[in-house]
Each structure stands twice: as C-alpha cells, then as structure tokens.
Amino acid sequence: MIISASRRTDLPAWYSAWFMNRVRSGWCLAANPFNPKQVTRISLQPDEVDVFVFWTRNPRPMLPGLAELDERGYRYYFLFTVTPYAQDLEPHLPPLEERLAAFVQLSDRLGPERVIWRYDPIIISNVTDHDFHRRSFERLSGALRASTRRVIISLVHYYAKTIRNLRPLEGQGFQFDLEAADRPATLALLRDLADMARARGLEIYTCAEKKDYTELGLKPGRCLDGDLIEKLWGLGRVRPKDPGQRETCGCAASKDIGATDTCLHGCRYCYATVSFEAARRRQAGHDPASPILIGQPEVGQPTPPAG
C-alpha cells in the first residue's frame with residue numbers, strides 16, 4: 001500500500017508532529033474530502049506500508065523525524081515543489097533561497113532519486129510570461145541538477161475556485177492567460193524546458209495533462225510511480241492506476257491521509273484549498289494527538305476497519 005502524505009495538504013510543513021505520532025501509533029483516520037462523515041482507518045504499520053510519498057514545499061519540519069522512519073523500516077520519497085513566483089502568488093512560503101537549500105539538504109540525506117522536483121503549476125500571465133519561465137527554469141534546474149534526477153511539470157488548471165482566488169490579483173495588474181495551453185508560444189516554452197532539463201541530466205515529465213507532449217520531449221509522468229518504487233526497492237508489486245484520480249492522472253493507487261483546506265502556504269492557485277481563511281479555520285481544529293488530522297472522531301462513531 002502506498003500512503004500519500006499528502007495531495008490534500010503540505011503535511012511535512014504543517015503537520016509533521018501529527019504524522020510522527022500516528023506512525024508511532026501504527027494507524028490513523030482519514031475522512032473522505034467529499035463526505036467528511038465517511039472516515040477510514042488506515043494502517044501505518046511498517047509491514048503494510050510499501051512507501052510513504054510526501055508532497056511538500058517545505059520539508060524542514062519533517063527532517064528530525066526521518067531517522068526514526070528509517071529505524072522503523074519505512075520506505076519513502078519526496079515530491080518537492082519549487083516554483084519561482086513572488087509573494088503575490090505564493091504569500092506564505094519561505095524565501096526561495098531557503099527552499100533551494102532545503103532541497104539540497106534533503107537530497108544529501110536521501111539521495112537524488114528520492115527527491116523529485118515539481119515545477120508546478122506553470123502560470124502564464126503578463127507578470128509570469130513565457131520568458132519568465134525560461135529564465136526561472138534555467139536558474140532552478142541549474143541549482144538542483146545535482147540534487148534530483150527528474151522534474152515534473154504541468155500547466156495550471158483553471159478550476160472555478162482557482163479563478164476565484166486569482167481574481168483579486170487582476171486588480172493589482174495581473175492578466176492571466178486562461179487559454180495559454182493552446183498557444184504556440186506555450187508549446188515552444190515546453191520544448192525549451194525539456195531541452196534545458198536534458199542538458200542538465202534531468203528526466204522531465206508532465207503531470208495529468210490532457211495533451212500528449214511526447215514529441216516535445218515530455219513524457220507523461222506519475223507522481224505516485226510504481227516503476228520508481230520498484231527501481232528503488234524492488235518490492236515486486238503490481239500497481240494499477242488509481243481509479244479515484246482524474247482520467248489523465250497516471251498515479252498508482254494509494255491511501256491519502258491528509259485533509260483539504262488545511263494548508264497555510266496560501267498559494268493563490270491551490271487546487272486543494274478553497275481559501276486561506278478556510279484553511280486557517282480548519283487548522284485551528286488540529287490536534288497533534290488526534291487520530292485524524294482535523295478535529296476528533298465523533299463520539300460514538302464506530303471504529304472503521306483498517307484499509
């Protein structure tokens with residue numbers, strides 16, 4: 001079983017103490033994001049967890065727990081998002097230089113194959129135009145070339161809540177190109193990113209894109225990657241695609257232990273957060289000692305079976 005920690009929130013950055021408490025307990029509860037009353041008990045026993053996959057923009061709060069994970073026999077790797085946006089779009093992240101240093105530190109600890117760089121999402125606007133991304137990717141790929149083996153990219157998906165959260169920036173001069181994916185200039189950008197990645201010895205993949213960009217040098221990627229897991233640990237498992245994800249997502253099936261509307265980075269384009277205010281309200285209900293990330297199990301609620 002793959003444990004995703006987590007698509008729904010930056011668990012290493014904000015909830016590492018809770019995570020380590022649950023590892024020591026050997027189980028946790030996770031609520032269905034579409035039906036919060038549907039709660040699943042998930043085993044975190046080392047012999048039942050094939051691998052933890054951590055999604056993060058700031059792993060440093062998790063670093064003190066890595067030695068304990070190793071001692072307990074867990075396997076894990078990190079999907080580390082590093083993007084170059086200013087505070088308009090990413091208001092509550094550590095400075096970029098600190099994030100780059102954390103990436104290198106994590107890679108030095110785990111090895112470059114277990115720290116995957118996500119340059120995601122790519123937002124095309126008058127402030128962050130195609131040349132902005134060329135310059136940024138060239139700089140970041142140069143800084144991270146020795147600390148990772150692959151990079152995953154994707155164009156921003158303009159869901160209704162994404163558009164709503166970006167709209168206040170339009171009053172500050174931003175003009176977002178909602179049709180950027182269809183423009184020849186964007187295809188040229190993606191080709192250039194692929195060329196830059198290969199020049200630095202990096203494999204480059206796309207994430208959940210409807211279009212096939214193989215001819216540009218971009219292979220469809222999988223963040224929860226069964227082939228990578230087999231390469232790293234040789235567990236001999238067959239890992240079907242996760243039926244609960246988008247059709248264009250190639251990730252292997254997993255159990256996610258996070259919760260939506262709980263990340264406090266405040267990124268304006270976030271898919272998993274309705275608003276920063278909602279995240280603050282939900283985070284206020286977090287108890288590191290609880291078996292579930294937000295709140296407490298309801299009184300009288302039967303303990304669900306492990307799954």
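Bear in mind that the values here come from a model prediction, so they are computed numbers and not experimental data.
- Both the sub-6.0 Å distance and the 45° axial angle are satisfied by Arg22 relative to the ring of Trp27.
- A heavy-atom distance below 4.5 Å is found between the side chains of Pro297 and Ser290.
- With a 4.5 Å cut-off on side-chain heavy atoms, Thr81 and Arg99 do not count as touching.
- A salt bridge between Asp192 and Arg134 is present, with a side-chain N of the basic residue lying under 4.0 Å from a carboxylate O of the acidic one.
- Between Thr9 and Leu293, the closest side-chain pair of non-hydrogen atoms falls below 4.5 Å.
- Look at Arg183 and Glu179 and you find no salt bridge, because none of the NZ, NE, NH1 or NH2 atoms lies under 4.0 Å from a carboxylate O.
- Nearest heavy-atom pair, Ala31 versus Pro36, reported as atom, atom and distance to 0.1 Å: CB-O, 3.7 Å.
- Of all the heavy atoms in Thr56 and Phe78, the pair that sits closest is CG2-CD2, 3.9 Å.
- Contact check for Val151 versus Arg200: no side-chain heavy atoms found under the 4.5 Å cut-off.
- Between His286 and Trp18, the ring planes lie perpendicular to each other; the angle is over 60°, past the 30° to 60° tilted range.
- Shown here for Asp182 and Lys211, the closest heavy-atom pair between the two residues is OD1-NZ, 2.9 Å.
- A cation-pi arrangement is found for Arg114 relative to Tyr76, the charged atom lying closer than 6.0 Å to the ring centre and inside a 45° cone about the ring normal.
- Pro33 has its side chain out of reach of Arg7: every pair of non-hydrogen atoms, C-beta onward, lies at least 4.5 Å apart.
- Judged as a ring-ring contact (aromatic ring centres under 6.0 Å, His included), not a single pair has a partner in residues 211-260 (not counting sequence neighbours).
- Side-chain contact of Ser254 with Ser4: a donor-acceptor pair under 3.5 Å is absent, judged by distance alone.
- Counting heavy atoms from C-beta outward, Arg222 and Arg239 have side chains that stay 4.5 Å or more apart.
- Each of Ile152 and Phe137 belongs to its own hydrophobic cluster when Ile, Leu, Val, Met, Phe, Trp and Tyr are linked at side-chain heavy-atom distances under 4.5 angstrom.
- Panel note: side chain Thr83, backbone Tyr85; no donor-acceptor pair is recorded below 3.5 Å.
- The minimum heavy-atom distance between Pro59 and Pro12, with the atom names listed, is CA-CB, 4.3 Å.
- Pairing each heavy atom of Tyr269 with each of Ile123, the nearest pair is CD2-CD1, 3.3 Å.
- Between Tyr119 and Trp117, the ring-plane angle classifies as perpendicular under the 30° and 60° cut-offs.
- Between Ile292 and Leu29 the shortest heavy-atom distance is CG1-O, 3.5 Å.
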N/O donor to acceptor pairs below 3.5 angstrom from side-chain atoms of residues 160-176, sequence neighbours left out:
residue, atom, partner, partner atom, Å
Lys161, NZ, Tyr271, O, 2.3
Asn165, ND2, Lys161, O, 3.2
Asn165, ND2, Val274, O, 3.0

